[in-house]
Each structure stands twice: as structure tokens, then as C-alpha cells.
Amino acid sequence: MLVVLLGGSPAVRSRSNLLLDRSRRWLERSGIEVVEYRITDFAADDLLFARFDSPRIRDLLTQVARADGLLVATPVYKASFSGALKTLLDVLPERALEHKVVLPLATGGSPAHLLAVDYALKPVLGALKAQEVLHGVFADDSQIAYGEAGAPAQFSAGLSERLEDALAQFHGALLRRPQLLDKNLLATARWSV
Ligand SMILES: Cc1cc2nc3c(=O)[nH]c(=O)nc-3n(C[C@H](O)[C@H](O)[C@H](O)COP(=O)(O)O)c2cc1C
């Protein structure tokens with residue numbers, strides 16, 4: 001089982017990436033293979049000019065095609081998800097999320113924009129034909145404290161619980177996901193009635 005993580009923050013020190021870091025550890029402990037891409041891993045030109053043939057973007061498309069599910073993390077920018085994340089979603093092919101489960105994660109300066117994931121990000125994930133988009137986790141900045149001098153970041157108890165619950169639901173949705181039939185099965189099967 002493969003899960004692709006997409007980090008949509010252009011910031012080097014990023015709370016939404018901390019949500020991904022913690023999620024990654026949870027998924028790996030559950031025996032799930034994880035591949036992670038952050039916006040900052042890509043050349044800005046490749047994203048702004050939608051260079052579908054750049055090696056990094058081709059690698060992303062290959063891993064997304066292989067994936068069973070995705071975690072998509074973003075900061076709230078101007079009451080929406082980040083424009084940088086949109087440039088990444090824009091290079092995905094039209095049905096890129098077909099048959100995949102998606103868990104959105106977001107951080108924002110205030111809970112006033114808690115619904116940005118619902119009204120802004122989810123329609124885009126739907127347009128990419130995601131099979132199931134889960135409820136998602138929103139954290140406001142006061143719930144995530146950066147660890148100083150190498151110490152780990154601290155999440156509020158409520159956020160840790162909500163994230164673990166969302167990851168457990170995500171894992172459950174991955175396990176329930178119908179397996180695609182092997183294209184060659186019908187050609188090779190022998191039927192009797
Ligand atoms: C350009 C910019 C726009 C922002 N707009 C909003 C906003 O509209 N609503 C909000 O709640 N927070 C807003 N914030 C705060 C960020 O969403 C918040 O600090 C978030 O945790 C940053 O995530 P990151 O650390 O992963 O980049 C904005 C921050 C920046 C830099």
C-alpha cells in the first residue's frame with residue numbers, strides 16, 4: 001500500500017509540514033509505504049510554467065498514479081489553500097485521483113477560515129476524481145508549537161487526538177478500497193456454469 005504526501009506550504013519552517021511529518025511516522029508505523037513531495041522540492045519555473053515533462057514532475061505523476069491514497073497539506077492563504085499547492089495540483093492529469101482516498105490537512109492563523117478546505121480544496125480534489133475525500137484536519141497556529149534547538153514540535157492534546165483519529169479513518173478507508181481487477185484476468189480466466 002502506497003500513500004503520497006503533498007506538502008503545499010512554500011515556507012521552509014512550516015506547521016502544515018509538521019502535520020505531514022507526524023502523519024508520516026504514523027503511516028510508516030502501520031506498515032504503509034510513504035513517498036513525500038513538498039512544494040519546495042520543485043523548481044518554481046516547472047510549476048509556474050506547468051512543465052509536465054520535467055523529471056521531478058514526471059516522478060510525481062508516476063508515484064501519484066501508483067498511490068492508493070494521498071495526504072494533502074496546506075496552509076490557509078487568503079481564505080483558501082495556497083496558490084503554490086494549486087500549481088502542483090494543476091500539473092496532475094484530469095483523473096489523477098480516481099480510485100484514491102484523500103485526507104486533507106490544513107493549518108491557519110485563526111479558526112475563522114476553518115472551512116477553507118471544504119469550500120476551496122475539496123472541490124479541486126473532486127475535480128481530479130478522488131474516490132473518497134475524508135473530513136480532514138484543521139489546526140490553528142496556537143495548536144502547534146515549533147520545537148526549539150532540535151526539540152520535537154508540540155501539538156495540543158486535542159489536535160494530536162484529532163489527527164490520530166483522522167489517520168485511523170484514512171487507514172480504514174484504504175483497507176476498504178475496492179481492489180482494481182487485473183486487466184488480464186478476464187482474458188485468462190476459465191469459466192464454467
Ligand atoms: C500570505 C499569507 C496569507 C495568510 N492568510 C491567512 C488566512 O486567510 N486565514 C488564516 O487563518 N491564516 C492565514 N495565514 C496564516 C497561515 O495560514 C498560518 O500561519 C499557517 O499555519 C501557515 O502554514 P505553514 O507554516 O505550513 O506555512 C496566512 C499566512 C500567510 C503567510
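All ligand and atom numbering here is 1-based and tracks the order in the structure. What's counted below: heavy atoms across the whole structure, side chains too, no hydrogens, waters or symmetry copies.
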Chemist: Looking at atom 13 (C) of ligand 1, what's its closest protein heavy atom, distance included?
Modeler: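 Looking only at protein heavy atoms, the one closest to atom 13 (C) of ligand 1 is V76 O, 3.1 Å.
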
Chemist: Counting heavy atoms only, which of T107, I39, V12, N17 comes nearest to atom 20 (C) of ligand 1?
Modeler: T107

Chemist: If you have a sec, work out which protein heavy atom is nearest atom 22 (C) of ligand 1 and how many Å separate them, to one decimal?
Modeler: P75 CB, 3.5 Å

Chemist: What pairs of residues pass the salt bridge (charged side-chain N to carboxylate O under 4.0 Å, His left out) test when at least one of them lies in residues 96-105, not counting sequence neighbours?
Modeler: R95-E98

Chemist: Counting each atom of ligand 1 from 1 as listed, which ones have a heavy atom of Y146 under 4.0 Å away?
Modeler: 25 (O)

Chemist: Would you mind running through ligand 1 and noting each atom that sits below 4.0 Å from a heavy atom of D141?
Modeler: 18 (C), 19 (O), 20 (C), 21 (O)

Chemist: Within a distance under 4.0 Å of any heavy atom of A79, pick out the atoms of ligand 1 and give their elements.
Modeler: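 In order of numbering, the contacting atoms are 7 (C), 8 (O).
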
Chemist: Only one of Q169, H171, R177 passes side chain to side chain contact (heavy atoms under 4.5 Å, CB included) with V101; say which it is.
Modeler: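 Only match with V101 under side chain to side chain contact (heavy atoms under 4.5 Å, CB included): R177.
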
Chemist: Under 4.0 Å between a Lys/Arg side-chain N and an Asp/Glu carboxylate O for R56 and D46?
Modeler: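 No, no charged N to carboxylate O under 4.0 Å.
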
Chemist: Does S82 use its side chain to pair, donor to acceptor, with the backbone of S9 at less than 3.5 Å?
Modeler: no

Chemist: Has S30 got a side-chain atom pairing as donor or acceptor with W26's backbone, closer than 3.5 angstrom?
Modeler: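 Side chain of S30 to backbone of W26: a pair is present.
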
Chemist: Hey, is the main chain of A73 close enough, under 3.5 Å, to the side chain of S16 for a donor-acceptor pair?
Modeler: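 It does not hold such a pair.
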
Chemist: Would R38 and D21 pass as an ion pair if we require N to O under 4.0 Å?
Modeler: yes

Chemist: So is there a nitrogen or oxygen of K78 less than 3.5 Å from a nitrogen or oxygen in ligand 1?
Modeler: yes

Chemist: Quick check on contacts: which atoms of ligand 1 are under 4.0 angstrom from a heavy atom of A11?
Modeler: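 Numbered from 1, ligand 1 contributes 27 (O).
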
Chemist: Has E28 got more than 12 heavy atoms of other residues, nucleotides or ligands less than 6.0 Å from its CD?
Modeler: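 It does: E28 CD has more than 12 such atoms within range.
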
Chemist: Keeping R15 on the side-chain end and P75 on the backbone end, is there a donor-acceptor pair under 3.5 Å?
Modeler: no

Chemist: Considering only the protein, which heavy-atom contact is closest to atom 9 (N) of ligand 1, and what is its distance?
Modeler: H113 ND1, 2.7 Å

Chemist: Looking at R15, which atoms of ligand 1 are within less than 4.0 Å of one of its heavy atoms?
Modeler: 24 (P), 25 (O), 26 (O)

Chemist: Under 4.0 Å between a Lys/Arg side-chain N and an Asp/Glu carboxylate O for E148 and R13?
Modeler: yes

Chemist: For S9, counting its heavy atoms only, list the atoms of ligand 1 lying under 4.0 Å from any of them.
Modeler: 24 (P), 26 (O), 27 (O)

Chemist: Below the 3.5 angstrom mark, is there an N/O of Y77, backbone or side chain, next to an N/O of ligand 1?
Modeler: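 It does not: no N or O of Y77 is found under 3.5 Å from an N or O of ligand 1.
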
Chemist: Distance under 4.0 Å to a non-hydrogen atom of S110: what atoms of ligand 1 satisfy this?
Modeler: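 By the 4.0 Å cutoff, the relevant atoms are 11 (O).
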
Chemist: Which protein heavy atom lies closest to atom 26 (O) of ligand 1, and at what distance to 0.1 Å?
Modeler: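 Answer, as residue, atom name and distance: S16 OG, 2.5 Å.
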
Chemist: Can you tell me the protein heavy atom closest to atom 12 (N) of ligand 1 and the distance?
Modeler: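 For atom 12 (N) of ligand 1, the nearest protein heavy atom is G109 N, 2.9 Å.
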
